[in-house]
Amino acid sequence: MSHADVLADGSADAAELRPSSTPVRGAWGRLVRSELRLVFGRRRNQALLAGLAAVPLLLGLVLFVTRDSALAGQGPGFVGRVTGNGLFLVVAALIMCLPFLLPLTIGIATGEAIAGEASSGTLRYLLAVPVSRTRLLAVKAVATMTFVAAAVLAIGLVALAVGAAFFGLTDVTLLSGTTIPLADGVLRVAGVAAYVTLSLTGLVAVGLFFSTLTEVPVGAMAATVIVAIVSAVLDTLPQLAAIHPALLTHHWLDFAEFLRVEVDWGVLSSGMAVQAAWVAIFGSLAWSRFVTADVSS
Amino acid sequence: MTASGTRSSSVPRDRLRPAGSTEPAGADVELDASDVTALAVRTEGLTKRFRSGQLAVDGIGLRVPRGSVYGFLGPNGSGKTTTIRMLLGLVRPTSGVAWLLGEPMPDGAGHVLPRVGALVEGPAFHPYLGGRANLARLDASDATADPRTARRRSDEALERVGLTAAASKPYRQYSLGMKQRLGLAAALLRPRELLVLDEPTNGLDPQGTREVRLLIRELADAGTTVLVSSHLLTEIEQVCTHLGIMGRGKLLVQGERQVLTERGVARVTVTTAGEQVGAAAEVLTGLGLAEVLADGVTLHALLGATAPEEVSAAIVNAGLDLVGLQVRRPSLEELFVELTGEGFDVAR
């Protein structure tokens, strides 16, 4: 058989077996769904959500048992208001989870996203499929953010149910003393949860950046949690007042705006602007690192 | 069919490329049309120096003809896996260029890689997902794969590697051999023009190794080009049409297996009647054979350029009895040791 014949035969065969190289419609959604199944199907992540959901349950139980004691009504944030109106359990539980548990959740989710895939070796197979690195990073960001939103939602829904069961839901007394109907109150608490979720986007970007730097998911997780804690510590030093407005965690508690008669959207949007800036900076860093990194794990 | 001479004359420089004859990097980087169609993998001066300063791959020029089964051999740590990672766009070359199916890498990854199945440095899957779920995950990541046929294709791939019964079992419960099979199934999720298999027989028992060899042969018969790496020559030698041998980051030799195996220096062993040994030794020396040594009634010598028939004719013409004549060429393994100065399985 001549060389030319080999070629002719070879290319005829190749044409038959050549799979299409053009993207199929809906490929984006398919990858996002697969990623979500992976994140939410994982036992550890389910346990994490259950653990977070247990926070309002425990808090509600403690407040319910001690409601007639001398300690009733004492505690941080909105804890004192919970026994009067179960709806405030949502706010109180979120305040309890914000400093450490939610950053830890973000650390775990982002550490798993890239560094976890690298350490298990699955990253090299994803990239060889191929998935473009930009697309993969975007899908990881969407899935992580969805998981964080689910965590906030789990805390909120359990808090709502527990609060309603133990303390009942009534019309809501705002910070100024004004009372609004329950339906409006629920809307405002939903606003609180939404604001908390969006406040965490900056930390998700930071976590994804760390995740691109290492093949050790625990390392990325620890670094992410440390950033949140250091930011909170710096926020308490009056000497650093000048940089406070730019800190990642500085605006996290601004959700209290939703509990005023007139919501100051300016305060809320400046908090969102700071998050957007952190997302822009660390998102770009994560992207530039990830698209050029050698995948040697 | 025209003579095979047509074929060999059309690819003479690719038949054998001994150390030192590689063109300088970038010398003929311009692709000519025949190379695009004839070569499934081509690299020029492909080099990777890690940040640690280690030169893992040193200016190699791979030539993997379409339709071939190319055995990519070398000891552990000789740069095979780093080369494969560069071919697949996982690692960026420090210098040099690589083409896969005629498209430059890593820029053409989106177009080319859907047509390439790969097994890189052992299988890796999500441990808590079953085999089928892991394949579904990879297929969902492929923007060019048809979701409607995903289930059928993954079932066929599992069937092909004999994992149907373990399809739902979590990956972490798989034995090493089953993990390796699932890696092969992932590479076979879609019809491929090129398969890049890095150490596919690692962890397999002799039966599994034989099955992988059969699979490679089957795929090659169907027209798929296979680039298969191994540090164990004997495991893949039999299925390869071409061989490339790496050592210390360099491609020491590559070419058709047939040509490579005939390349070594042949030795001749001549057995005569006892009292004629001295006379026979003189005949061999007279023919210009070197290193003539007597050992009882047998003589050993380097054959050199002399044909075995000339030896037998000379002995008979000298009136001596020729009891036996044997020509031995070095095996590929001996050739490898000769080239690299080290045996297989020797890490750097």
Side-chain angles (χ1 to χ4, degrees), chain A residues 1-38 41-44 116-133 135-136 139 291-297, chain B residues 1-4 6-11 34 37-38 48 50 65-67 82 85 88-92 101 109-116 118 120-129 133-134 136-147 183 186 190-193 196 222-225:
Chain A
M1 186 186 269
S2 77
H3 190 49
D5 285 338
V6 172
L7 279 183
D9 292 350
S11 41
D13 281 351
E16 272 169 42
L17 16 112
R18 175 171 300 163
S20 154
S21 289
T22 45
V24 175
R25 270 169 56 104
W28 241 102
R30 194 172 171 225
L31 181 53
V32 170
R33 281 195 302 279
S34 160
E35 185 66 32
L36 289 176
R37 260 199 304 277
L38 196 71
R42 189 158 179 189
R43 287 268 174 74
R44 192 199 59 198
E117 296 260 18
S119 82
S120 69
T122 45
L123 182 60
R124 65 174 182 266
Y125 283 104
L126 278 179
L127 297 181
V129 158
V131 187
S132 96
R133 298 188 185 202
R135 176 192 286 244
L136 185 60
V139 166
V291 296
T292 56
D294 278 350
V295 176
S296 49
S297 59
Chain B
M1 296 293 127
T2 43
S4 60
T6 320
R7 179 176 184 173
S8 53
S9 66
S10 69
V11 283
S34 68
T37 44
K48 181 65 184 182
F50 286 119
R66 283 204 193 234
T82 304
R85 281 179 184 274
L88 297 173
L90 296 173
V91 166
R92 263 167 205 279
L101 301 172
H111 291 110
V112 173
L113 291 185
R115 297 184 267 142
V116 179
V120 194
E121 215 179 6
F125 294 94
H126 292 287
Y128 44 91
L129 293 182
N134 266 305
R137 158 83 177 153
L138 284 177
D139 198 68
S141 318
D142 189 345
T144 64
D146 185 352
R190 304 179 65 182
R192 311 287 192 182
E193 285 173 58
V196 179
T224 308
T225 309

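These values consider heavy atoms only, across backbone and side chains, with no hydrogens, waters or symmetry-generated copies. Here is how names work: the chains are called A, B, and so on, in the same order as the sequence lines, proteins then strands, and each is numbered from 1. Predicted model only: the values in this text are computed from it and were never measured.
Residue contact with chain B, scored on non-hydrogen atoms closer than 4.5 Å, is absent for A/Arg25. When heavy atoms are compared at a cutoff of 4.5 Å, A/Arg43 does not approach chain B at all. Contact of A/Ser132 with chain B is not made at all, since no heavy-atom distance falls under 4.5 Å. With a 4.5 Å cut-off on non-hydrogen atoms, A/Glu117 touches chain B through its side chain but not through its backbone.
Closest of all the heavy-atom pairs between B/Pro147 and A/Val24 is CD-CG1, 3.9 Å. Contact record, B/Gly89 with A/Arg133: O-NH2, 3.2 Å, taken as the closest heavy-atom pair. Scanning all heavy atoms of the two residues, the minimum distance from B/Leu113 to A/Ala128 falls at CB-O, 3.8 Å.
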Could you walk me through whether A/Thr122 and B/Arg137 pass side chain to side chain contact (heavy atoms under 4.5 Å, CB included), step by step? CA-CA 10 Å; A/Thr122 45; B/Arg137 158 83 177 153; over 6 Å; no
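The candidate with the highest count of non-hydrogen atom pairs below 4.5 Å against chain B, out of A/Leu31, A/Leu136, A/Val139, A/Val295, is A/Val295. Counting heavy-atom pairs closer than 4.5 Å to chain B, the top residue among A/Glu35, A/Arg135, A/Arg33 is A/Glu35.
Classification of B/Arg85 and A/Asp294 as a salt-bridged pair fails, no side-chain N sitting under 4.0 Å from a carboxylate O.
Put simply, CZ on B/Phe50 and OG on A/Ser296 are 6.0 Å apart, with the number rounded to the nearest 0.5 Å. Taking OH of A/Tyr125 as the reference point, atom CD of B/Glu121 lies at 8.5 Å (rounded to 0.5 Å). Atom CZ of A/Arg30 sits about 4.5 Å away from atom CG of B/Asp139, to the nearest 0.5 Å. Atoms CZ and CG, from A/Arg37 and B/Leu129 in turn, are 10.0 Å apart once rounded to the nearest 0.5 Å.
Between A/Leu126 and B/Leu138, some side-chain heavy-atom pair lies under the 4.5 Å cut-off.
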